[in-house]
Every structure is written in structure tokens, then in C-alpha cells.
Amino acid sequence: MSLKEKYPIYLYNTLSKKKEKFEPIHEDSVGMYVCGPTVYSDVHLGNVRTFMSFDVIYRYLQYLGYKVRYVRNITDVGHLENDADEGEDKIAQKARLEKLEPMEVVQRYTNGFHDVLNDFNFLPPSIEPCATGHIMEQIEMVQALLDKGFAYEVNGSVYFDVVRYDKDFSYGKLSGRKIEELMEGGRDLDNQDEKRNKVDFALWKKASPTHIMRWNSPWGEGFPGWHLECSVMSTKYLGETFDIHGGGMDLVFPHHECEIAQSVGSKGKDPVKYWLHSNMLTVNDQKMSKSLGNSFLPQQLFSGDHPLLDRGYGPMVVRFFMLQSHYSSTLDFSNEALTAAEKGYKRLMDGIKIAKGLEYIEGPADNELEDKVKTLIDQLFTHLGDDFNTAKTLAVLFEITTLMNNFKVGNLTTGALSKASFDTLVQHYQGFVFDVLGLKEEEESDHELLDGIIDVLIKLRLDAKAGKNYRLSDKIRDDLKQVGVTLKDSKEGTEYSID
RNA sequence: GGCGCUGUGGCCGAGCGGCUAGGCAGAGGUCUGCAAAACCUUUUACAGCGGUUCGAAUCCGCUCAGCGCCUCCA
């Protein structure tokens, strides 16, 4: 029985508002689309949380043996600042302010985005398409919607006719909105006269004379609407119906709702089987966002260079911190929580190091321990399979860490387990920490020289201790501590760690 | 105004009707020349008020507090 058969996944589907058993459309392969960033400025930590959630999902699906095509787009056409005709898109605005080509802006922040993903040890997606590379396909979808009567053209712009669409299908099923309520409520925006109804949204916008980013189309020079790119690119690379579509919760309405409308309107079928949404990162219980001015850039976090930060924290500490909560809960960001996470992360990594160095030595069997280990391994899978509950999974990993410590100290012997159980335990312990949760050791072990030097000092200190020269031995330890190297004595010898 | 979410011990954070979450911090102990680490033991809970149930942090109602979406936003 394969891992994916043995450990089914249950996930919360925003569309059904229920936890459902995951059954991919094509038996062994999974198509997953995640809405990527608009690259007109630096990604902040809130963005990182969403991509991290889906990074773990991507990793876990592969760990179970699925073949996954993971598509995450780059939005390189700026969405309009507002719905008004004279709006300027964000990338064009940035380009004007910084006197750059729009594509220079796009390239710069795309590079920055990739750097951040690397820092946090994200797996690259299978395909990372960008909106400007798919203008033709977007025009085709607009045309298809026009042909089917779900869109109308006004003065070189094309709008989606939500009211017309709602007669055949139901608009608002993902976000739970009712079209009548949408027609009444909400804020009034300026310059809506082109649209038949306020709920309609743009598929193609006519470019004003000053608008920099523009393409030819059957309706004149213009640029694609806000929601079109995701419909087009997901369909192109994953098919008309695919398994998982993810993104931040703030995209549910209107972005994802409009995606559904566009796909259903043009292709006649629902585009997505499972909609997954990750919740917001908060600061003092408020959503982290650029406009509120409470967002952190990853670099600020690493260096501690921010008024709200006491000091810097490494990317793996942050990753661990985020994994301690469930992706669908808000997570509040604070120095205290990060400091606690840092210690927890270190403890886990110490456990991993112990596991690496453990040798299996035959010994008397302990059935109780054997059962416990089997249960722990099962729980790793069932907890992560339970709507990707990384918090519960980490709890199990800490139980395993305690076991590893006990092996090391000698409270337990490896031989109490069967060889097979011991090997499987170590294999999945490391597998979940590294391959699934995507953690890694913060300090790269490129420390051969340092190892050698500290070894010399450790031996010197041992000599001093043997001669009861504690003044010298303590001086070595204390002085090393001063420069950030902590010595730890144990029965097997002295180890060191770097702060 | 409309729709929706949250409120757990000193802090963070799981939990989806009965069974120890976990991490950090605190206390005591083991080990150590002393430390550190590790190990063992351990204190502090479910916003408030009602209700359903044999049994509720968990379901229902009300109250209070906070948040999100409805405009670009992960």
C-alpha cells in the first residue's frame, strides 16, 4: 500500500465550507495553482506566510508520492489603483516615480521575491508564468465571454456582465455573497458609468493616452483586467478543471469569485475542485499590510532593523514560528513569540543532529516503546493529512525529539526497537522536518576550519581539567562564550554550538 | 450598512462532545568541579451569562471585546 493510499488527506474547501477527503481528478497527479504576488514592490512577511503554507502542501503531496504540477504566477501588469477610468496601474506608477521601464520594475521585484523565497527555503514551482506573457490567451478568453454573451464592450473596454451571468449560474458561491446585496451595499466608486451594473468587473481596459503598458486587441489598445490572468494561466497549464487553487483569504472576494465566473462563463465548467485559503499574518491583531504601514520586510526581520523588533531572527526561526499555527488561523507576530520559536527550533534541530549520529545497537525488545513509535509515525501523517495541520505535526516531532534525547542520554536504548522501526522513525523524523516542513539547519555546516580550531581549544581545556586547572578550563569556556560559542560537556565528550 | 471570523493557562498556539497537544517561560530534582545542554517530575486554561446533553473549551442563544472582506492587497 502506497503512502498516499495509507494516509488520505482531508482538506477544508472554501467552496463547500467543509472538510473533504482529497481525491485528485487524475489518480496520481495533482494540479495546484497559487496566486502569486504583484511585483510592484517588495514582498512582506504576510505574503511569505501564504506562500509558505502552500510550499508545505506542495512538499507533503510529493512526500506522499503524488506527481504535482505547481503553478504560481507573477503578476506583472499592475492592477489599477482604482476602478476609475483614469486610474494608473501600480507598476506604471512605480516606473514613473523611479524613472524606469515598467519591465525594470517588474524584474527588480521579481528578483527580490525569488531571493526571499530562497531565504525561506521554498521549493520553486513547476511553472511560474507571468501575465504579460499571456496577453493573447487573455484576449481569447475575453472574446469567448463576449461570444457567449457574458461580456459587453463599451468604448474600447470590455466588462463582465455579472447580472447576466448570475441568471444562468450563481455568482458569489465561493464567498457567500448575494448579488442583490452587492448591488446595494458597498462603497460607491467614481466613474462607473461605463458599467451596466456596479458589480460588473473589467476584462479589458482601454489604455488612456498616457498609459505605458498597452497591447493591441480587437477593441483597440488596452490592457487586461484584474482577474483574467489567473483564469487564463491556470487553464492553460492545469486544464479546464484542476485540483487545488490557493491564495490568501483576502483574495476570496472579489478575485477568486471573478475567476470562477470567468471560467464558468467561457468554458461552462467549474475550474477548481478544492479552494484553499490561508489566513492573515497580524501585528497587534491587525492585518499586516502595506497600506497600514505595519508590515515587515524579510530583510528587516533578519537584521532586526525595525522599530517593532527587538533584534533579528533567522529565516528558519520564522518558518518554524509560522508552522506552529494552522494556516487557516490568523497568526500574531511578536518578539516574545519569535524568541520562543527560536528556542523551540533549536531544540528540534538538536534532536535532528542526535538522530543523525545515533547507531542502532541490538538489545532487549520493548513492546510498549515499539507501539508508541508506530503510533508516532502514524500521527505524523494523519496530523499533516488533517488539513495540513503543521502545529499538530510539530507536536509529534517534539515527542520524537524527546525520544532521541533519551536515546542519547541512555534512558532508552535503540535496540529496544526493532531495526525496521528505528530506521523508519529516523527516516520520517528527518523527512518531515526537512522535506515536508522545509526546515533546514540555519548555519550551513561549512565550518571545517572552525571545527578544527574549536577542537584544539576543547582539547586544551580537557588537559586543563585533567590537571584540575579549572581557572584555565573555565576561562576557555567563558571566553568562547563571549564570542558566541557555547561548550556542552557530556559523557561522550564536549560539543559546541554557535549562537 | 451587508457577509464572515476570532476570544484557550505568564506568552505563543493546537483542539471540532468524553481520552496529556506542543513550544517558550516558572518551580523542584538527576547529571556536572562549577556551568550549559539533556533527562525526570510539576504549577497556571478555556471572555461572560444562560441552554441542549449522562457528559461541553468543543453544539445552540444572548452579552461583551477584537478582527477580516465588501476598493488593490497573500
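Keep in mind the model is a prediction, meaning the values are calculated, not measured. Here is how names work: the chains are called A, B, and so on, in the same order as the sequence lines, proteins then strands, and each is numbered from 1. Atom set for the values below is all heavy atoms of this structure, side chains included, hydrogens, waters and symmetry mates excluded.
Residues from residues 378-394 of chain A placing a heavy atom under 4.0 Å of any atom in RNA chain B, listed by number, are N389(A), A391(A), K392(A).
Listed nucleotides rC39(B), rC3(B), rC16(B) differ in distance to N406(A); the shortest reach to its side chain belongs to rC39(B). The side chain of K287(A) lies closest to rC69(B), out of rC72(B), rC12(B), rC69(B). Considering only the side chain of F321(A), rC12(B) comes nearest among rC73(B), rC12(B), rG66(B). You'll find that the side chain of L182(A) is closest to rC70(B), out of rC39(B), rA37(B), rC70(B). Checking rA14(B), rG2(B), rC24(B) against the side-chain heavy atoms of S329(A) singles out rA14(B) as nearest. Considering only the side chain of W226(A), rC72(B) comes nearest among rC72(B), rA37(B), rA14(B). When the nucleotides rC73(B), rG68(B), rG13(B) are ranked by their closest atom to the side chain of Q286(A), rG68(B) comes out on top.
Side-chain atoms of D455(A) and Y496(A) include no donor-acceptor pair closer than 3.5 Å.
A salt bridge does not link E194(A) with K206(A): none of the charged nitrogens is closer than 4.0 Å to a carboxylate oxygen. The residues K465(A) and D489(A) are annotated as salt-bridged, a charged nitrogen and a carboxylate oxygen being separated by less than 4.0 angstrom. Under 4.0 Å is where a charged nitrogen must lie from a carboxylate oxygen, and between D386(A) and K19(A) at least one such pair does.
Partners of R49(A) under the salt bridge (Lys or Arg N to Asp or Glu O under 4.0 Å) rule, at least two apart in sequence or in another chain, do not exist in this structure. Residues satisfying the salt bridge (Lys or Arg N to Asp or Glu O under 4.0 Å) test with D479(A), not counting sequence neighbours, are K475(A).
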Ring pair (Phe, Tyr, Trp, His ring centres under 6.0 Å) between F160(A) and Y165(A), worked out: CA-CA 8 Å; F160(A) 190 94; Y165(A) 170 85; 5.4 Å; yes

Stepwise side-chain contact (heavy atoms from CB on, under 4.5 Å) test for N279(A) and Y327(A): CA-CA 6 Å; N279(A) 215 138; Y327(A) 75 86; over 6 Å; no

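Side-chain N/O atoms of K290(A) and base N/O atoms of rC72(B) include no donor-acceptor pair closer than 3.5 Å. Residue K90(A) places a side-chain atom within donor-acceptor reach of the base of rC72(B), judged by atom type and a 3.5 Å distance cut-off alone.
Atom CZ in F253(A) sits roughly 14 Å away from atom P in rG4(B) (whole-Å rounding). Residue L251(A) contributes atom CG, which lies 20 Å from atom P of rG4(B) at whole-angstrom precision.
Between the side chain of N389(A) and the backbone N or O of H383(A), no donor-acceptor pair lies under 3.5 Å.
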Contact pattern, 5' to 3', of nucleotides 29-34 of chain B - B, S or - by protein heavy atom under 4.0 Å: ----BB

Could you tabulate the donor-acceptor pairs under 3.5 Å formed by side-chain atoms of residues 374-382 of chain A, not counting sequence neighbours?
unit_1  : atom_1 : unit_2  : atom_2 : d
K374(A) : NZ     : E370(A) : OE2    : 3.3
T375(A) : OG1    : D371(A) : O      : 2.9
D378(A) : OD1    : Y7(A)   : OH     : 2.5
T382(A) : OG1    : D378(A) : O      : 3.2
T382(A) : OG1    : Q379(A) : O      : 3.4

Base-pair map of RNA chain B as dot-bracket, where | denotes pairing with a different strand and pairs are Watson-Crick or G-U under 3.5 Å: ((((((((.[[[..)..(...]]].(((((.......)))))....[[[[[..)....]]]]])))))))....

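Taking the centre and axis of the six-membered ring of F253(A), the NZ or CZ atom of R177(A) falls inside the cone set by 45° and 6.0 Å.
In terms of position along RNA chain B, the nucleotide closest to N405(A) lies nearer the 5' end than the nucleotide closest to the other residue of the pair N405(A) and H227(A).
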